[in-house]
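A short worksheet on the structure shown next.
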Amino acid sequence: MEQRFKRLLRRHGLVVAFLVFLAGVAFNADAFLTPGNILDVLRQVSITGMMAVGVTFVVLTGRLDLSVGSLLTLLTVIVVDQHNVAGPFPAIVMTLIAGLCIGAFNGLLVGFVGLNALIVTLAMLSFLQGLVLFYSGGSNVNVENAQDTWFAVFGRGEFLGLPLPVILFLVGAVIAGLVLQFTTFGRRVYGVGGNETASIFSGIDARWTVFWTYVISGFTTGVAAIIMGSRVMGAQNTIGQGYELTVLAGVILGGTSLLGGSGSIWRTVIGISMLGFIQNGLLLLGFPYYVQWLVTWAVIIVAVWIDLGAKRGRIFA
Amino acid sequence: MSDVVLKVKDITKTFPGVKALDRVSFDIRPGEVHALVGENGAGKSTLMKALAGLHRPDEGQIFYQGEAIEVAGPLDARRKGILLIHQELSLSPELSVAENIYLGAWPTNRFGVLKKRELRRDATAALEALGCGFGPDVRVGSLSVAKQQMVEIARAEAFRANVVIFDEPTASLTDSEKDQLFHTIRGLKARGVGIVYISHKMDEIFDITDRITVLRDGQVQGTVDTRDTDLNQITRMMIGRTLDTYFVKAKAEFGAEVLRVEGLSNRPLFEDVSFSVREGEVLGLYGLVGAGRSELVETIFGVRRADAGKLFWKEGEIELPTPRQSIDMGMALVPESRKEQGLVLMMGGRENTSLPHLRLFSEVSVMNRAKEMAVFEKYRSALSIKTTGPDQAVSQLSGGNQQKFVLAKWLCADPKLIILDEPTRGIDVGSKSAIHELIAELAEQGLAVIVISSEMPEVLGVSHRVLAMSEGSVVAEFEGAAMTEEHLIDAVSHAREPVAAE
């Protein structure tokens with residue numbers, strides 16, 4: 001019995017710790033488990049969650065995408081600015097295309113040229129942050145006719161009592177989950193992540209597979225930027241700063257392995273939601289907002305540690 | 001001083017499923033060159049690794065200068081005076097010659113700071129004793145392979161080694177470099193160093209050694225004085241057994257040509273290779289490790305790019321294919337390394353089986369799970385694969401069962417040509433003979449089969465025709481009664497001369 005409990009704790013230690021945390025917060029802050037607050041958390045999570053859905057594809061191939069933070073900033077600035085210039089529909093199309101292009105460029109460098117994913121996307125993070133300032137000239141942008149545009153629906157709308165961004169996130173997650181589970185592309189992603197050499201010997205073009213995962217990551221960040229721009233009805237030059245780590249923390253907290261080949265979208269949904277509730281709980285307990293950065297650090301370290309432990313266990317067992 | 005510097009007594013080493021060394025005993029006298037010969041897998045490398053402290057023997061003892069010792073690791077061996085000079089040199093290319101000679105055993109003061117002057121002085125002395133034409137400060141990466149080998153041998157001087165073990169030392173040397181090396185070896189010998197010399201090249205062994213010990217299947221077959229023996233006797237000792245009768249050979253009924261290769265090159269791995277294989281035919285490809293066999297078939301399959309040559313598929317010339325095109329044409333490659341190239345270990349048997357044929361197992365890109373399950377169950381029972389279910393990670397299966405999934409994944413799409421690279425390496429005897437039977441069965445169904453193997457009995461037992469490869473070239477072809485172990489050994493061990501002219 002004791003042994004079983006220990007094993008349960010080791011395997012689901014994170015979930016147990018999370019539940020304890022939830023109970024603790026709920027006990028001390030009455031507002032925590034109210035429907036209003038829960039919907040608020042989900043609304044927050046929908047942006048990072050949308051990005052994490054795309055990044056999960058990249059991580060499943062055993063690679064990283066750290067460029068998504070700056071990319072979110074750039075695309076949010078683009079969607080807001082172009083909304084003023086060209087109107088909502090062209091702005092949305094342009095944003096998505098820009099996201100696809102940046103993703104494709106990352107994918108080209110990592111998949112085809114074979115450069116290190118960490119370096120490529122970290123450099124892209126820096127490059128895009130610079131590009132944002134070129135584009136905006138350093139000033140923040142706002143949607144001019146915020147009162148009468150249907151663009152607000154993505155960030156602020158509701159459907160059947162659920163916030164529309166949450167629905168977008170969940171629909172995106174379901175589609176991505178189905179793609180990974182049931183399509184040949186999904187199988188190739190797991191194959192390349194699990195054993196790239198064996199996949200190449202099986203006739204899978206790993207270069208294209210990796211390429212498309214970055215394109216997907218760019219696209220989901222585009223969708224996230226639309227939600228963000230629509231919710232804020234404006235964009236600061238630093239609006240996406242640090243998001244890349246929050247997203248990555250959510251992915252690995254869910255249990256998707258950084259080594260590639262194992263993990264899933266629903267794990268990411270759980271991981272990123274847990275992170276959202278942790279951050280919200282800390283705020284409700286009266287911690288300053290920047291405590292979330294410290295928590296992100298702890299979460300990344302613990303999750304990676306557990307991942308390593310599981311791998312070691314598998315090798316030596 | 002005793003007349004034996006190193007003595008090995010009843011050493012046994014077992015790996016999962018294989019007895020690599022079985023009560024092996026032999027001894028080395030000071031000032032002798034002692035050859036250790038045997039087929040691939042006879043246990044030579046395992047024995048050397050046991051002496052150098054890389055393997056810990058299960059049983060048996062090592063006596064060094066009359067005392068029983070335990071060797072904790074390569075550095076410990078070196079400090080005791082036993083030096084292993086590997087096939088692949090163990091040097092750090094960015095460090096200097098002096099630093100490499102003392103790699104891992106640098107003289108330091110009490111603060112851990114390198115004593116450079118002392119290091120240089122000792123290294124210079126060692127280099128001069130050997131008559132090397134280079135100084136201690138040269139970067140090792142800038143030296144030729146032969147000179148790098150001299151750096152390793154200089155360790156023998158530096159550590160005052162009493163035993164030096166050479167593992168295939170001439171594998172990448174030119175003829176004049178080889179002469180230089182032999183000169184050095186004779187120098188060591190004159191100083192009373194006991195030398196173990198491992199090689200596949202019989203002419204060298206008769207040239208330089210004093211005694212020969214023959215290993216076969218992990219057992220010592222005997223030790224003889226070199227001047228009292230000849231190639232015939234040694235070959236007989238190496239092979240020993242008559243051709244095993246349990247190999248089932250497919251009936252020799254051949255159909256049309258499936259694949260023809262003309263002048264295929266991928267320098268420097270292999271050069272100008274030509275052959276063909278027909279329906280129903282099992283073509284063996286024999287050669288030592290490093291002969292270029294795996295590289296050849298990987299190039300045909302498209303995992304590597306050829307730099308010259310033509311391929312003909314069913315008598316029509318084709319562009320050099322990508323792996324995808326090869327698979328779609330009906331080619332299958334069961335690669336050499338099951339775990340690295342053959343399987344995605346964290347996937348189950350079902351997903352591994354369908355991986356090369358995702359298009360066949362899907363409709364408009366959606367995987368057809370029922371079809372996957374049907375094929376999985378079919379091969380699970382046909383090849384009697386032991387697994388708990390379709391999604392049990394193949395990493396949890398035994399080597400034999402893993403290999404069967406690799407076969408399943410290639411057989412399920414009905415290939416026309418199947419290339420098997422070391423299909424029975426590291427698997428148990430039962431699975432081994434099942435795979436031999438399968439090879440015969442496939443050929444009788446009309447597939448063209450290419451089998452690569454380092455095990456001579458296997459390659460002779462299953463094949464209708466055998467190509468011998470050595471150092472990147474096909475050096476001989478044997479068929480029918482000419483297919484003997486003697487011929488194969490002869491072909492691959494004498495092949496060097498014509499190439500050495502460069």
Side-chain angles (χ1 to χ4, degrees), chain A residues 57 59-62 111-112 114 174-213 216 255-264 267 307-308 310-317, chain B residues 294 297-298 301-304 321-348 350-369 372 393-396 402 405-406 409-410 412-413 415 419 421:
Chain A
F57 281 82
V59 174
L60 278 175
T61 68
F112 284 87
V174 167
I175 293 173
L178 292 175
V179 165
L180 276 177
Q181 278 279 307
F182 295 108
T183 67
T184 55
F185 174 71
R187 204 59 74 75
R188 282 195 284 270
V189 168
Y190 281 107
V192 169
N195 186 341
E196 190 160 340
T197 308
S199 299
I200 292 168
F201 271 78
S202 297
I204 289 170
D205 197 328
R207 300 169 303 176
W208 278 108
T209 309
V210 169
F211 174 82
W212 285 116
T213 63
I216 291 171
T256 294
S257 170
L258 281 178
L259 302 171
S262 93
S264 65
R267 281 174 167 278
D307 182 33
L308 185 71
K311 283 276 143 43
R312 283 215 183 119
R314 219 171 290 167
I315 290 165
F316 291 118
Chain B
S294 300
V297 293
E298 285 169 18
F301 189 69
V303 181
R304 296 171 186 267
T322 63
R324 180 76 262 148
Q325 289 163 335
S326 298
I327 295 168
D328 292 342
M329 261 176 351
M331 206 190 287
L333 172 63
V334 173
E336 184 181 16
S337 167
R338 197 160 49 236
K339 288 183 179 166
E340 273 119 51
Q341 303 165 327
L343 294 168
V344 182
L345 289 174
M346 52 184 103
M347 282 184 172
R350 169 178 64 92
E351 293 186 324
N352 267 299
T353 305
S354 60
L355 198 64
H357 323 288
L358 293 175
R359 211 173 301 162
L360 296 181
F361 283 94
S362 63
E363 280 111 42
V364 281
S365 288
V366 175
M367 294 300 295
N368 182 338
R369 195 170 290 233
E372 274 188 293
V394 293
S395 59
Q396 297 171 353
Q402 287 182 351
F405 271 124
V406 182
K409 93 183 222 186
W410 289 112
C412 69
I419 303 169
D421 191 354

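Lettering of chains follows the sequences in order, A, B, ..., and the numbering in each one begins at 1. The basis for the numbers below is simple: all heavy atoms, side chains too, and nothing from hydrogens, waters or symmetry mates.
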| query | For B:V303, is it the side chain, the backbone, both or neither that has a heavy atom under 4.5 Å from a heavy atom of chain A? | reply | side chain

| message | Looking only at heavy atoms and a cut-off of under 4.5 Å, which of B:L355, B:I327, B:D328 has the most pairs with chain A? | response | B:L355

| task | Using the side-chain hydrogen bond (donor to acceptor under 3.5 Å, both in side chains) rule, take B:S294 and B:E336 through it: C-alpha gap first, then chi angles, then the decisive distance, then the call. | result | CA-CA 7 Å; B:S294 300; B:E336 184 181 16; 3.0 Å; yes

| task | Determine the option with the most heavy-atom pairs under 4.5 angstrom with chain B, choosing from A:G193, A:G203, A:G261, A:S199. | result | A:G203

| query | At a heavy-atom separation under 4.5 Å, does B:E298 approach chain A through its side chain, its backbone, both, or neither? | reply | side chain

| task | Indicate yes or no for a side-chain donor-acceptor contact from A:R187 to the backbone of B:M367 under 3.5 Å, with no hydrogens or angles considered. | result | no

| B:E372-B:S354 side chain donor-acceptor pair, cut-off 3.5 Å | yes

| note | Honestly, the part of B:E363 sitting under 4.5 Å from a heavy atom of chain A is neither

| field | Neighbour count above 12 (heavy atom, 6.0 Å) for B:R359 CZ | value | no

| request: Below 4.5 Å from any heavy atom of chain A, which atoms of B:S326 appear? Answer side chain, backbone, both or neither. | output: neither

| field | Contact origin within B:K339 toward chain A - heavy atom pairs under 4.5 Å | value | backbone

| Where does A:E196 contact chain B at under 4.5 Å (heavy atoms): side chain, backbone, both or neither? | neither

| task | Heavy-atom distances under 4.5 Å only: say whether B:E340 touches chain A with side chain, backbone, both or neither. | result | backbone

| B:F301 versus chain A, heavy atoms under 4.5 Å apart: side chain, backbone, both or neither? | side chain

| request: Check whether B:S365 gets within reach of chain A through its side chain, its backbone, both or neither, counting any heavy atom under 4.5 Å. | output: both

| Taking the six-membered ring for Trp, are A:F57 and A:F185 parallel (under 30°), tilted (30 to 60°) or perpendicular (over 60°)? | parallel

| Aromatic ring pairing B:F361/B:H357, orientation class (parallel under 30°, perpendicular over 60°, tilted between) | tilted

| said: Which residue is it: A:T184, A:V179, A:L180? I am looking for the one with a side-chain contact (heavy atoms from CB on, under 4.5 Å) to A:V189. | reply: A:L180

| query | Between B:L343, B:N352, B:L333, which residue shows the highest count of heavy-atom pairs closer than 4.5 Å to chain A? | reply | B:L343

| request: Could you tell me whether the side chain of B:E351 and the main chain of B:M347 form a donor-acceptor pair under 3.5 Å? | output: no

